[in-house]
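Step one of this worksheet: look at the structure below.
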Amino acid sequence: MKIATFNVNGINGRLPILLRWLEEAKPDAVCLQELKAPDERFPTAAIEDAGYGAIWHGQKSWNGVAILARGTVPVETRRGLPGDPADQQSRYLEAAVNGILIGCLYLPNGNPAPGPKFDYKLQWFERLQAHAKGLLASGLPIVLAGDYNVMPTDLDVYKPERWVKDALFRPEVRQAFGQLVAQGWTDALRHMHPDERVYTFWDYFRNAFGRDAGLRIDHLLLSPDLAKRMVEAGVDRHVRGWDKASDHAPTWIKLG
DNA sequence: ATGGCTCCTTAAAGGAGA
């Protein structure tokens, strides 16, 4: 079983990219972020024609997450991250697919930091930690996949010193990610590639992809039993080189 | 340090992304 996460940066603007990649990679389950579309503008027919069932939580202009499953429809278990009823942003969706519980998340960017957006990011992280702890305690096979907007270590940034004051790399954020993983999760990509520079994002500026000036910010965290089943993990970085590509590349694991 | 690019939006120029 192959499970992927892909920040599409606009599901309608990037629909040809998404469909081309689905056809090529044939993932069994996919978490999408940054739909940038309200619920009624989700491209249901095109996704179905590609062979995927889907659930989604859209939002006008920004955010928005979805879970796709090949040949079946994800069974929704949660919509929205618990802990703040006033939070209106579409950033968390959870479903069961083929016996695995999949949490799809789009963690806030947090810039500029410090400031209210950074505070929201840290609060969101605390809510995620609380929810993840409960999930882990359930003993179910779980993957928490998405755009975490965090580079966990220096190895995950092309030029760490340039990013130390950025909301994606500040100590508080790296610490929050570390605390989350320490609950008992496995950072799939780093576990399979302990010493390698593996990036999932390259910005649109200054030929970042051509220079390989990348960041690793899209992560799949696995519960202990799923970590034991993992046989492969990777990034489809060639997708970033396609015409009209997202600034993120699809990131995936294979379970045996 | 800044700006570079690309998406979205009552469609002009601004917000947001990272």
Side-chain angles (χ1 to χ4, degrees), chain A residues 5-21 31-43 46 56-66 87-92 104-122 124-125 145-174 176-177 189 197-219 235 237 239-251:
Chain A
T5 179
F6 187 15
N7 179 323
V8 285
N9 188 12
I11 192 158
N12 289 305
R14 310 289 184 199
L15 190 56
I17 296 280
L18 175 63
L19 296 175
R20 181 178 170 189
W21 172 72
C31 295
L32 298 177
Q33 302 87 34
E34 279 206 83
L35 303 183
K36 292 185 171 181
D39 280 340
E40 61 272 21
R41 293 195 51 199
F42 187 83
W56 60 93
H57 190 195
Q59 186 176 334
K60 187 179 163 185
S61 303
W62 301 300
N63 310 317
V65 286
D87 187 358
Q88 296 297 310
Q89 300 188 28
S90 299
R91 295 181 176 274
Y92 189 84
C104 172
L105 63 105
Y106 177 43
L107 209 133
N109 174 301
N111 276 307
K117 290 189 173 182
F118 191 62
D119 295 341
Y120 173 63
K121 179 176 195 169
L122 294 179
W124 209 94
F125 232 131
D147 177 357
Y148 283 72
N149 271 317
V150 183
M151 296 85 87
T153 72
D154 283 1
L155 190 57
D156 303 309
V157 201
Y158 67 99
K159 201 170 208 180
E161 65 275 19
R162 279 272 179 95
W163 288 83
V164 286
K165 291 185 176 173
D166 191 277
L168 278 69
F169 200 53
R170 288 176 73 99
E172 307 95 304
V173 172
R174 277 183 274 167
F177 185 83
L189 270 286
R197 290 195 170 272
V198 183
Y199 299 138
T200 67
F201 167 92
W202 298 261
D203 79 31
Y204 290 120
F205 311 141
R206 295 172 303 185
N207 189 32
F209 185 56
R211 295 184 297 120
D212 198 26
L215 309 173
R216 189 175 73 95
I217 55 177
D218 300 275
H219 308 299
V235 177
R237 58 176 286 148
V239 174
R240 179 63 181 81
W242 289 351
D243 193 34
K244 300 247 178 192
S246 168
D247 38 8
H248 296 250
T251 305

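Letters A, B, ... mirror the listed sequences (proteins, then strands); counts begin at 1.
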Same-atom distance (C1') from B:dA12 to B:dT2, integer angstrom: 25 Å
Are A:E161 and A:D154 close enough, and set up right, to give a side chain to side chain contact (heavy atoms under 4.5 Å, CB included), and what steps lead you there? CA-CA 9 Å; A:E161 65 275 19; A:D154 283 1; over 6 Å; no
What integer number of Å spans the P atoms of B:dG15 and B:dT10? 15 Å
For A:D119, check salt bridge (Lys or Arg N to Asp or Glu O under 4.0 Å) against everything at least two apart and list the hits. none
Closest to the 5' end of DNA chain B, once A:K60 and A:A245 are matched to their nearest nucleotides, is A:A245
Is the A:H219 ring parallel, tilted or perpendicular to the A:F177 ring (thresholds 30°, 60°)? tilted
Any base atoms under 4.0 Å from A:N63, or only sugar-phosphate, or nothing? Heavy atoms, all strands. nothing
Using 4.0 Å as the upper bound for N to carboxylate O, is an ion pair formed by A:R237 and A:D212? yes
For a quick check of understanding: with a heavy-atom distance under 4.0 Å over all strands, which category does A:N149 fall into, base, sugar-phosphate or nothing? sugar-phosphate
Go through DNA chain B in 5' to 3' direction and return only the first and the last nucleotide with some atom under 4.0 Å of chain A's heavy atoms. B:dG3 to B:dA18
Judged by each residue's nearest nucleotide on DNA chain B, which is more toward the 5′ side, A:Y204 or A:F201? A:Y204
Determine, for A:Y106 and A:R91, whether the Lys NZ or Arg CZ falls below 6.0 Å from the six-membered ring centre while staying within 45 degrees of the axis. yes
Looking at every strand, decide which applies to A:N207 at a 4.0 Å heavy-atom threshold: base, sugar-phosphate, or nothing. nothing
What's A:K117 touching, base or sugar-phosphate or nothing? Going by heavy atoms closer than 4.0 Å. sugar-phosphate
Would you classify A:Y106 as touching base, sugar-phosphate or nothing, given that sugar-phosphate means primed atoms plus P, OP1 and OP2, and contacts are heavy atoms under 4.0 Å? sugar-phosphate
P-based separation of B:dG14 from B:dA1 [nearest Å]: 26 Å
Pair A:Y204, A:F209 - check side chain to side chain contact (heavy atoms under 4.5 Å, CB included), show working. CA-CA 8 Å; A:Y204 290 120; A:F209 185 56; over 6 Å; no
